[in-house]
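Inspection log for the structure reproduced underneath, given as structure tokens.
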Amino acid sequence: MTNPGPLIVQSDKTVLLEVDHPQAEEARRAIAPFAELERSPEHVHTYRLTPLGLWNARAAGHDAEQVVDTLLTYSRYAVPHGLLVDLAETMARYGRLRLDKHPVHGLVLTSTDRAVFEEVIRSKRIAGMLGERLDDAPGSEGTVAVHPSERGNLKQALLKLGWPAEDHAGYVDGEAHPIALVEDGWALRDYQKQAADSFWHGGSGVVVLPCGAGKTIVGAAAMAHARATTLILVTNTVSARQWKHELVKRTTLTEDEIGEYSGARKEIRPVTIATYQVLTTRRKGAYTHLELLDARDWGLVVYDEVHLLPAPIFRMTADLQARRRIGLTATLIREDGREGDVFSLIGPKRFDAPWKDIEAQGWIAPADCVEVRVTLPEGERLAYATADADERYRLASSTFAKTRVAERLVRQHAGEPTLVIGQYLDQLDELGEHLGAPVIKGETTVREREKLFEAFRQGEIDLLVVSKVANFSIDLPEAAVAIQVSGSFGSRQEEAQRLGRLLRPKRDGRTARFYTIVSRDTVDADFAQNRQRFLAEQGYAYRIVDAGDIPD
DNA sequence: AATATTGTAA
DNA sequence: TGTCCTACAATATT
């Protein structure tokens with residue numbers, strides 16, 4: 001019972017994908033809705049079947065039968081029977097419980113399974129959120145009232161117990177406010193429309209799209225569906241201004257209808273854009289700006305960059321379960337592992353377009369990722385070996401050998417707009433000096449930054465050295481080449497964001513280059529491996545070359 | 001009242 | 001594993 005398929009499905013819930021197999025791409029696409037990529041070296045990629053992944057697939061309308069069918073279709077060997085049983089059982093756990101509106105009790109939790117129901121209501125964490133036990137609703141095996149204010153906490157707790165509830169309690173419409181898209185000289189792209197529509201049908205949830213694919217537009221389209229007052233939460237003030245600018249340009253909203261609620265301004269308007277920061281600041285331990293949440297009868301809450309949502313916002317979001325919520329992000333991966341909270345409090349993933357698909361449609365540029373390996377010079381090698389663990393990463397990632405390689409790469413791409421990105425200021429200063437390029441870091445004034453960005457945009461200068469400011473400033477100009485010399489300890493989302501900088505389509509349809517310079521045989525290499533995982537999931541393969549092979 | 005500076009938190 | 005960057009609030013300054 002073997003066929004030459006590209007997958008090997010194992011009973012430890014890993015799924016191996018043979019990358020060079022002719023059906024590999026097809027299989028990757030088929031398993032993407034429910035499997036999570038774990039490692040991605042050259043030949044065989046490892047995916048894992050996790051409960052969260054399977055439940056997300058359920059929420060997106062896939063059933064166990066489809067998942068099983070996909071595995072059987074592409075598997076090379078017989079798929080372990082136990083795994084299939086387990087998979088079906090895990091998927092069946094989703095929706096065994098459901099939340100509904102109730103005319104008398106406000107909100108009720110019902111179950112289709114007596115044992116599950118009894119288990120859940122006896123859980124210590126959950127008991128306090130429940131009201132009185134009611135007569136079984138027709139067709140149910142247990143019904144209990146729920147305090148409406150506990151809707152979010154309950155969902156969070158049930159997910160942790162492994163019995164995620166399906167939320168059918170619906171949403172308040174909020175205060176109506178007319179909002180429509182003004183498609184004037186531009187049009188909503190197919191995938192943007194699909195994303196906004198699938199969000200709307202689901203009621204709340206997350207849309208995953210690559211950087212530069214127009215997430216703001218999806219937000220605007222969602223608002224045009226809701227036609228209600230909207231609270232938009234963003235990571236920083238620059239982003240807040242950008243949202244405002246885009247909304248004025250793309251919708252019937254005028255400047256006066258859009259307020260900014262941040263450190264500098266405290267405007268509350270029918271559409272209000274607030275920073276996460278301002279909501280999470282506390283005085284004497286108490287949150288100071290919670291009034292914003294109650295200031296209006298919001299019909300929609302938009303969470304920009306949901307992968308960066310700070311922990312306290314989860315607590316507030318738990319109280320906002322009656323409002324429609326849309327989360328926007330380029331990656332659902334959180335380095336703090338709170339994906340489950342995003343799932344239970346904002347909602348399941350409603351739409352997801354692989355970067356490569358958007359690339360194929362020409363909305364983002366193709367990119368070529370290259371990992372350049374350097375060897376530490378003898379002296380540094382010794383210093384590295386004897387250094388304390390906490391100094392090793394810095395030593396390995398800021399070796400002078402990298403500066404030399406960067407120089408060669410820069411020369412090779414002379415004339416193309418190039419960014420050199422790193423995390424240690426000493427290293428960046430050194431690079432700036434050797435490459436004869438300006439360095440932009442935190443202490444660079446806004447005026448200076450703008451001057452340099454503008455010169456870069458105009459093509460007057462073609463090389464900038466940037467620190468972590470690159471992670472935050474949205475107005476960083478697009479480039480064709482990026483050279484990463486060091487990065488945070490293993491942040492996948494940082495890597496994704498940096499690559500995202502290059503993906504605006506080039507006028508001549510050229511491929512972007514993303515180099516990452518790594519010291520071999522050091523912790524630098526380990527972290528680089530972790531950082532690359534997310535991009536590998538999106539189908540970006542790193543070519544590995546030796547520094548010696550870069551022509552001078 | 002608007003703006004600049006400094007310290008703190010995450 | 002720990003550096004760097006940002007936003008906010010408070011205070012000082014025009």
Side-chain angles (χ1 to χ4, degrees), chain A residues 232-243 260-267 273-292 304-305 307-316 334-338 384-385 387-399 402 419-432 439-450 453 464-476 484-495 497-498 501 518-519 522-531:
Chain A
I232 302 170
L233 301 175
V234 300
T235 50
N236 59 48
T237 44
V238 182
S239 162
R241 310 262 154 78
Q242 285 222 329
W243 268 90
E260 177 186 323
Y261 193 97
S262 64
R265 293 185 209 163
K266 301 278 188 290
E267 303 157 351
I273 307 172
T275 54
Y276 289 128
Q277 283 276 352
V278 81
L279 271 179
T280 53
T281 47
R282 283 165 297 179
R283 225 174 11 188
K284 294 177 190 140
Y287 290 97
T288 39
H289 294 293
L290 285 178
E291 81 261 9
L292 177 61
D304 193 23
E305 313 281 8
H307 59 286
L308 297 174
L309 207 72
I313 300 284
F314 282 120
R315 251 168 280 150
M316 300 171 192
R334 294 180 59 98
E335 308 296 342
D336 67 359
R338 297 191 67 164
Y384 174 82
D388 284 345
D390 56 346
E391 287 171 358
R392 286 188 157 189
Y393 180 62
R394 189 177 186 128
L395 272 175
S397 59
S398 49
T399 167
K402 290 194 179 183
L419 297 172
V420 176
I421 313 175
Q423 102 145 343
Y424 296 107
L425 295 180
D426 322 353
Q427 182 186 23
L428 294 174
D429 288 335
E430 184 183 277
L431 276 158
V439 181
I440 298 178
K441 46 193 168 182
E443 67 185 35
T444 314
T445 60
V446 175
R447 186 175 302 158
E448 184 117 10
R449 287 183 204 192
E450 277 168 4
F453 286 164
L464 286 177
V465 177
V466 292
S467 71
K468 259 170 117 163
V469 289
N471 293 10
F472 300 87
S473 67
I474 317 180
D475 46 349
L476 186 73
Q484 175 173 250
V485 292
S486 50
S488 299
F489 288 84
S491 166
R492 287 167 280 177
Q493 74 100 1
E494 181 179 87
E495 186 103 336
Q497 197 171 15
R498 288 176 172 178
R501 293 287 180 205
V518 174
S519 300
T522 69
V523 285
D524 189 25
D526 301 339
F527 290 133
Q529 169 78 32
N530 186 53
R531 286 201 303 263

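Letters go in sequence order (proteins before strands), and every chain restarts at 1.
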Indicate the ring-plane relationship of F489(A) and F527(A), choosing parallel, tilted or perpendicular according to the 30° and 60° boundaries. perpendicular
Apply side chain to side chain contact (heavy atoms under 4.5 Å, CB included) to S262(A) and V278(A), showing your working. CA-CA 6 Å; S262(A) 64; V278(A) 81; 5.5 Å; no
Passes side chain to side chain contact (heavy atoms under 4.5 Å, CB included), S398(A) versus D426(A)? Steps please. CA-CA 9 Å; S398(A) 49; D426(A) 322 353; over 6 Å; no
Value in whole Å for how far the P atom of dA10(B) lies from CZ of R334(A): 15 Å
Rounded to whole angstroms, how far apart are CD1 on I440(A) and P on dC5(C)? 12 Å
State, yes or no, whether a side-chain contact exists between L419(A) and R498(A) at a heavy-atom distance under 4.5 Å. no
Write out a two-atom table: protein N or O, nucleotide N or O from nucleotides 6-9 of chain C, distance below 3.5 Å.
{"residue": "dT6(C)", "atom": "OP1", "partner": "R449(A)", "partner atom": "NH1", "Å": "3.1"}
{"residue": "dT6(C)", "atom": "OP2", "partner": "R449(A)", "partner atom": "NH2", "Å": "3.4"}
{"residue": "dA7(C)", "atom": "OP1", "partner": "T237(A)", "partner atom": "N", "Å": "3.3"}
{"residue": "dA7(C)", "atom": "OP1", "partner": "T237(A)", "partner atom": "OG1", "Å": "3.4"}
{"residue": "dC8(C)", "atom": "OP1", "partner": "G263(A)", "partner atom": "N", "Å": "3.3"}
{"residue": "dC8(C)", "atom": "OP1", "partner": "T275(A)", "partner atom": "OG1", "Å": "2.4"}
{"residue": "dC8(C)", "atom": "OP2", "partner": "G263(A)", "partner atom": "N", "Å": "3.0"}
{"residue": "dA9(C)", "atom": "OP1", "partner": "H289(A)", "partner atom": "NE2", "Å": "2.9"}

D429(A) CG to dC4(C) C1', in whole Å, measures 13 Å
Mind running side chain to side chain contact (heavy atoms under 4.5 Å, CB included) on K468(A) and S488(A) for me, showing each step along the way? CA-CA 9 Å; K468(A) 259 170 117 163; S488(A) 299; 4.0 Å; yes
Can you tell me how far P of dA10(B) sits from CG of D336(A), to the nearest Å? 15 Å
Tell me if the CD atom of E443(A) is crowded by more than 12 foreign heavy atoms within 6.0 Å. no
When you compare the side chain of V234(A) with that of Y276(A), does any pair of heavy atoms fall below 4.5 Å? no
Between CD of E305(A) and P of dA10(B) the distance, given in whole Å, is 21 Å
Which nucleotide, dA10(B), dT1(C), dT3(C), lies nearest any side-chain atom of F527(A)? dT1(C)
Atom pairs under 3.5 Å: protein N/O with N/O of nucleotides 2-4 of chain B:
none

Validation row: F314(A), L309(A) side chains within 4.5 angstrom (heavy atoms): yes
Gap between atoms CD and P, on Q484(A) and dT3(C) respectively (whole Å): 18 Å
Quick one: on DNA chain C, does Y393(A) or Q423(A) contact a more 5' nucleotide (nearest heavy atom)? Y393(A)
What I want to check is whether the side chains of N471(A) and E494(A) have a donor and an acceptor closer together than 3.5 Å. yes
L308(A) CG - dA10(B) P separation (whole Å): 16 Å
Between R338(A) (CZ) and dA10(B) (C1'), how many Å, whole number? 14 Å
